[in-house]
Amino acid sequence: MTRWTCWTLTTLLWCLLSGSALADGRPAPLIDAHSHYTASHAREMTASDLIARLDAAGVSRVVITGAPWQLARDLHAHAPDRVIPLLGAYASDADKATWMHDRELPARLATLAAEGRWAGIGELHLFARDAGNEVYAELVRLAHRHHLMLLIHGDEAVVDRAFEIAPDLRVLWAHLGTEPKPEIVARVLLRHAGRALWIDTSVRDDRIAPRGQLLPEWRQLFEAHPDRFVVAVDAFSTRRWQRYGEVTRQIRQWVGGLPPELQERLLWRNAEDLFEPWLKGRP
């Protein structure tokens with residue numbers, strides 16, 4: 001039996017028992033589909049500290065992008081069954097606004113992508129005015145060539161451009177988009193029906209579920225597209241890591257009002273589907 005099979009069976013058992021476990025105060029299983037580990041985080045929090053935060057929050061896996069990229073690799077080496085590493089494009093947060101003008105970036109990332117240890121590339125911050133940027137296009141092609149998921153923080157035009165370049169690319173669109181409105185998200189899903197597009201809910205919990213109650217229009221969207229959404233914390237700052245348990249409790253509160261099967265999909269099953277190629281063949 002492979003480690004993948006063992007972990008999946010364990011997770012399934014956990015889910016089957018989750019009702020009684022929740023009654024006993026234990027959290028439902030959760031995969032954090034989008035978080036960060038940066039040099040500033042590492043100065044305050046060791047790899048062991050980070051895993052301890054996952055344990056305390058009942059988070060079975062976390063998707064980590066590093067700035068610089070080595071931090072995600074090292075974190076995965078520390079906890080290979082818990083950390084899904086993304087190849088980060090930034091040396092620091094300062095690169096968020098300038099990476100698309102770095103003509104040498106695709107070649108640098110291509111060398112690292114060839115090592116085969118990554119589940120995806122990103123997070124890439126890009127907006128409609130730069131959707132036609134050639135550096136971005138090269139990174140889309142790079143992700144497609146190496147069968148890597150691309151994590152995009154951008155407008156719908158940026159998502160459209162990715163699929164225009166590589167129609168069968170796997171994409172995770174962060175934060176319910178830059179304009180988190182259900183009608184916009186629904187429009188993008190309709191436009192890319194049948195494509196490998198997932199959308200994360202990170203940092204939108206207060207907006208979609210004020211006081212922990214999911215708004216009807218968002219519930220309707222999640223029910224209409226049950227396999228397209230994943231939950232995430234997006235621990236982008238040290239303060240966010242310090243609030244990790246609080247944020248995961250908030251996520252579980254609004255997800256808890258949904259039908260059990262949809263809860264499972266949002267909390268962990270859709271994330272497993274998103275990262276299935278890497279989970280099955282990970283180094």
Side-chain angles (χ1 to χ4, degrees), residues 27 30-99 102 105 108-109 112-113 115 117-126 139 148-154 172-176 178 200-206 230-252 267-268 271 274-275 278 282-283:
L30 187 153
I31 294 176
D32 175 3
H34 170 184
S35 272
H36 299 260
Y37 192 49
T38 70
S40 62
H41 301 161
R43 286 192 290 271
E44 303 289 334
M45 180 176 55
T46 67
S48 295
D49 293 335
L50 187 150
I51 299 303
R53 291 185 186 277
L54 301 186
D55 291 341
V59 172
S60 55
R61 290 187 185 273
V62 62
V63 178
I64 289 286
T65 180
W69 60 265
Q70 294 95 331
L71 290 172
R73 179 200 63 189
D74 294 346
L75 196 60
H76 171 253
H78 176 81
D81 293 328
R82 305 293 296 281
V83 176
I84 299 174
L86 302 187
L87 176 54
Y90 309 155
S92 72
D93 284 347
D95 293 336
K96 287 181 181 180
T98 61
W99 67 269
D102 182 356
L105 178 62
R108 293 199 304 272
L109 294 189
L112 295 165
E115 296 176 357
R117 68 181 71 198
W118 307 100
I121 295 175
E123 177 183 15
L124 297 180
H125 294 73
L126 195 72
L139 294 189
L148 300 175
M149 182 276 299
L150 191 66
L151 173 56
I152 295 172
H153 175 136
L172 177 57
W173 191 21
H175 316 310
L176 297 169
T178 52
D200 84 47
T201 64
S202 61
V203 304
R204 303 303 192 193
D205 306 291
D206 288 331
V230 296
V231 300
V233 174
D234 187 14
F236 59 86
S237 66
T238 302
R239 172 62 177 155
R240 188 77 170 170
W241 274 113
Q242 291 169 345
R243 296 183 55 238
Y244 197 84
E246 175 187 341
V247 176
T248 55
R249 285 191 295 273
Q250 183 181 20
I251 291 169
R252 287 192 177 93
L267 289 174
W268 65 274
L274 169 59
F275 290 103
W278 186 84
R282 72 180 189 269

Supply the atom-to-atom distance L139 CG to L150 CG, rounded to the nearest 0.5 angstrom. 7.5 Å
Please list, chain by chain and in numerical order, all residues satisfying side chain to side chain donor-acceptor pair (under 3.5 Å) with S40, sequence neighbours excluded. T38
Which pair of non-hydrogen atoms, one from G66 and one from A72, has the smallest distance, and what is that distance? N-CB, 3.6 Å
Residues which pass side-chain contact (heavy atoms from CB on, under 4.5 Å) with A89, listed by chain and number, not counting sequence neighbours: L105, L109, L124
Qualifying residue, where the test is side-chain contact (heavy atoms from CB on, under 4.5 Å) with V231 and the options are V247, D200, T201: T201
Partners meeting side-chain contact (heavy atoms from CB on, under 4.5 Å) with A113 (sequence neighbours left out): L87, L142, H146, L148
Could you check M149 against L274 for side-chain contact (heavy atoms from CB on, under 4.5 Å), going step by step and ending with a plain yes or no? CA-CA 8 Å; M149 182 276 299; L274 169 59; 3.8 Å; yes
The salt bridge (charged side-chain N to carboxylate O under 4.0 Å, His left out) partners of D102 (sequence neighbours excluded) come to R108
With sequence neighbours left out, what residues match D206 under side chain to side chain donor-acceptor pair (under 3.5 Å)? Q250
How far does CD1 of I84 sit from CD1 of I31, to the nearest 0.5 angstrom? 6.0 Å
Is there a donor-acceptor contact under 3.5 Å from the side chain of D32 to the main chain of V233? yes
According to the interplanar angle, ranging from 0 to 90°, do the rings of Y90 and W99 count as parallel (below 30°), tilted (30 to 60°) or perpendicular (above 60°)? tilted
Is a side-chain N or O of R73 found less than 3.5 angstrom from the main chain of L86, in a donor-acceptor match? no
Nearest 0.5 angstrom please: L30 CG to S60 OG, how far? 7.0 Å
Does W278 have its ring centroid less than 6.0 Å away from the ring centroid of F275? no
Any heavy-atom pair between the side chains of R117 and P85 that's under 4.5 Å? no
Can you list the residues that meet the side-chain contact (heavy atoms from CB on, under 4.5 Å) rule with D234, with sequence neighbours excluded? H34, H36, H175, S202, V203, F236
Which distance, rounded to the nearest 0.5 Å, do you find between the CG of L126 and the CD of E123? 11.5 Å
Any side-chain heavy-atom pair of L151 and I121 under 4.5 Å: no
Test item: S35 side-chain N/O and V63 main-chain N/O as donor-acceptor pair under 3.5 Å: no
Which residue pairs pass the salt bridge (Lys or Arg N to Asp or Glu O under 4.0 Å) test when at least one of the two sits in residues 39-57, sequence neighbours left out? D55-R82
In terms of side-chain heavy atoms, does Y37 have a donor or acceptor partner in D74 at a distance below 3.5 Å? no
For Q242, check side chain to side chain donor-acceptor pair (under 3.5 Å) against everything at least two apart and list the hits. none
Residue set satisfying salt bridge (charged side-chain N to carboxylate O under 4.0 Å, His left out) with R243, at least two apart, ordered chain then number -> E246
For R61 and D81, indicate whether the former's side chain and the latter's backbone hold a donor-acceptor pair under 3.5 Å. yes
List in chain and number order the residues that pass side-chain contact (heavy atoms from CB on, under 4.5 Å) with T98, two or more places apart in sequence or in another chain; answer none if no residue qualifies. D95
Does a side-chain heavy-atom distance below 4.5 Å link H78 with I51? yes
With sequence neighbours left out, write down each residue that passes side chain to side chain donor-acceptor pair (under 3.5 Å) with T178, or none if nothing qualifies. D155
